[in-house]
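The block underneath contains the structure these notes are about, expressed in structure tokens.
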Amino acid sequence: MKKIMAMALAAVMSISMVACSNGDNGGNGIDEEVKTYKTGMGINTKVAKQFDAKEGNNGKVELDTTMVIASFDQDGKVVSATIDVAQQSADIDASGKIVSETDLRTKVEKGEDYGMKKFAGAVAEIDEQYASLAKWMEGKTVDEIVNMEVYAKDEKHTSVPAVEDLKSSVTIDVGSYLEGLKEAWETATETTGPVAKTGLGTVITSKEVDAGENDGLFEIATNIVGVALDTDGKIVWAGIDTAQQQAKFTVKGAFTGEIDCRTKVDKGEDYGMKKFAGAVAEINEQYASLAKWMEGKTVDEVINMEVYAKDEKHTSVPAVEDLKSCVTITVGDQLKALEKAAQNAK
């Protein structure tokens with residue numbers, strides 16, 4: 001009888017030891033709370049400047065796309081964030097010709113070339129100010145951040161931080177970045193694992209046509225990819241979008257029509273993939289499918305995916321079996337932007 005009881009006790013102890021060894025906290029038998037994370041992007045384009053050419057004076061159009069990506073913990077606090085702006089412009093003369101060169105870098109990529117310290121006497125360059133603001137956001141809720149104390153420095157800078165920790169490092173107007181963070185929070189979705197780093201990458205292209213028999217065109221396409229990575233470098237969240245804006249002008253350098261400032265994702269069916277190109281899915285759906293497929297893979301695995309050339313304009317269409325039926329667009333710029341996003345992640 002004692003032998004049977006001893007064997008039963010040993011079995012119970014063995015089961016108990018196995019259960020403890022499977023615990024998340026090193027074997028004390030009590031599972032720690034599993035943390036959840038969310039990540040989102042806020043993207044907004046505005047026409048910062050637009051005026052017609054007049055005899056002796058060029059016209060101008062400037063497009064600003066503000067981008068904020070942020071990851072949040074289960075308490076709604078920012079884990080990591082990245083801020084950047086794509087600001088591209090064109091000067092048009094009175095004969096409808098584009099007379100300027102287009103810089104396709106973002107403000108962060110321009111760094112010192114943006115000239116905050118040189119031309120505006122700022123305390124830091126624009127990329128440094130963005131980094132300081134993003135770092136300050138960490139550990140705070142969106143409400144705490146968007147309700148920060150601000151003041152109006154002048155008519156163009158009406159939301160400059162009055163927070164003591166930012167006074168010496170962020171002297172720019174932050175209104176658009178707070179709106180971007182708010183949008184990132186409102187659109188955030190749960191990641192597939194813990195977030196170690198969050199990054200943003202862009203590939204910007206332009207199409208520039210002088211006016212003649214037909215209107216001229218200045219088009220900027222900002223291909224945007226945001227990514228959240230775990231400690232092993234695997235993608236636990238990805239977001240893809242493109243801000244594609246067109247400004248048309250006459251042979252006299254006068255702008256015509258309104259500029260649609262929505263992103264491709266915002267346009268949805270209005271972008272017309274299925275209607276005009278007979279695609280398997282709309283552009284927002286294709287972006288979502290590609291982003292979802294990236295989850296659980298390393299950046300290298302994604303950017304080295306098998307692709308093929310469908311035609312001269314579509315040279316990097318996924319040949320991956322899981323994507324053939326849902327992603328028929330060329331993804332070369334998105335893969336390049338993903339690589340940059342991973343390099344920029346922090």
Side-chain angles (χ1 to χ4, degrees), residues 35 37-44 64-87 105-117 120-151 153 157 159-188 191 194-202 224-231 233 236-239 340-346:
K35 289 186 177 181
Y37 295 83
K38 289 184 176 182
T39 301
M41 287 197 300
I43 304 168
N44 291 287
D64 290 6
T65 297
T66 299
M67 303 163 284
V68 179
I69 181 173
S71 290
F72 310 90
D73 65 15
Q74 60 193 12
D75 298 318
K77 293 182 178 180
V78 174
V79 176
S80 62
T82 300
I83 301 167
D84 204 350
V85 174
Q87 183 182 70
R105 296 175 295 172
T106 68
K107 287 187 178 182
V108 167
E109 289 171 338
K110 290 175 183 175
E112 289 185 2
D113 291 343
Y114 188 71
M116 285 288 289
K117 294 170 74 173
V123 295
E125 293 295 348
I126 193 70
D127 58 320
E128 298 170 326
Q129 296 211 33
Y130 286 167
S132 293
L133 178 59
K135 189 67 179 177
W136 175 84
M137 290 178 177
E138 293 180 7
K140 299 176 179 64
T141 64
V142 173
D143 283 344
E144 290 173 330
I145 294 167
V146 300
N147 291 310
M148 71 159 66
E149 187 180 355
V150 296
Y151 72 96
K153 185 165 62 174
H157 303 81
S159 299
V160 179
V163 181
E164 197 62 40
D165 291 342
L166 293 177
K167 284 182 179 179
S168 62
S169 59
V170 181
T171 55
I172 56 175
D173 187 293
V174 298
S176 60
Y177 314 123
L178 300 185
E179 283 298 316
L181 177 70
K182 186 177 178 182
E183 183 182 339
W185 168 248
E186 290 172 347
T187 60
T191 65
V195 177
K197 297 189 293 185
T198 304
L200 183 71
T202 61
I224 306 159
V225 174
V227 66
L229 305 170
D230 65 13
T231 53
V236 295
W237 183 95
K340 290 171 71 173
Q343 291 169 351
N344 296 335
K346 52 186 180 295

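Along the sequence shown, residues are numbered consecutively beginning with 1. Only this structure's heavy atoms are used, side chains among them; waters, hydrogens and symmetry mates stay out.
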[X] side chain to [Y] backbone, donor-acceptor under 3.5 Å:
| X | Y | answer |
| --- | --- | --- |
| Trp185 | Val142 | no |
| Lys340 | Thr202 | yes |
| Asp173 | Gly175 | yes |

Approximate separation, where rounding is to 0.5 Å, of [X] [atom1] and [Y] [atom2]:
| X | Y | atom1 | atom2 | result |
| --- | --- | --- | --- | --- |
| Lys197 | Asn344 | NZ | CG | 10.5 Å |
| His157 | Lys153 | NE2 | NZ | 5.0 Å |
| Met67 | Asp64 | CE | CG | 10.0 Å |
| Met137 | Ile145 | CE | CD1 | 5.5 Å |
| Asp113 | Ile126 | CG | CD1 | 13.5 Å |

Would you say the side chains of Thr198 and Ser71 form a donor-acceptor pair under 3.5 Å? yes
Are side-chain heavy atoms of Phe72 and Val78 found at a separation under 4.5 Å? yes
Would you mind reporting whether Met148 and Leu133 have side-chain heavy atoms less than 4.5 Å apart? yes
Heavy-atom closest pair, residues [X] and [Y]:
| X | Y | answer |
| --- | --- | --- |
| Met41 | Val225 | SD-C, 4.5 Å |
| Ile43 | Thr65 | CG2-CG2, 3.8 Å |
| Lys346 | Ser80 | O-CB, 3.5 Å |
| Thr39 | Thr191 | OG1-CG2, 3.3 Å |
| Ala162 | Tyr151 | CB-CD2, 4.0 Å |
| Trp237 | Gly40 | CZ2-CA, 4.0 Å |

Only pairs at least two apart or in different chains count here, so list each salt bridge (charged side-chain N to carboxylate O under 4.0 Å, His left out) that has a residue in residues 120-145. Lys135-Glu138
Taking distance alone, no hydrogens or angles, what donor-acceptor pairs closer than 3.5 Å link side-chain atoms of residues 164-172 to residues at least two apart or in another chain?
| unit_1 | atom_1 | unit_2 | atom_2 | d |
| --- | --- | --- | --- | --- |
| Glu164 | OE1 | Lys167 | NZ | 3.3 |
| Thr171 | OG1 | Gln129 | NE2 | 3.3 |

Candidate list Trp136, Tyr177, Tyr114, test ring pair (Phe, Tyr, Trp, His ring centres under 6.0 Å), partner Tyr130, passing option: Tyr177
Listed by chain and number, what are the side chain to side chain contact (heavy atoms under 4.5 Å, CB included) partners of Glu183, not counting sequence neighbours? Asn44, Thr187
Testing Ile69, Leu200, Val68 one by one against Ile83 for a side chain to side chain contact (heavy atoms under 4.5 Å, CB included), which residue passes? Val68
Around atom NZ of Lys107, are there more than 12 heavy atoms of other residues, nucleotides or ligands at under 6.0 Å? yes
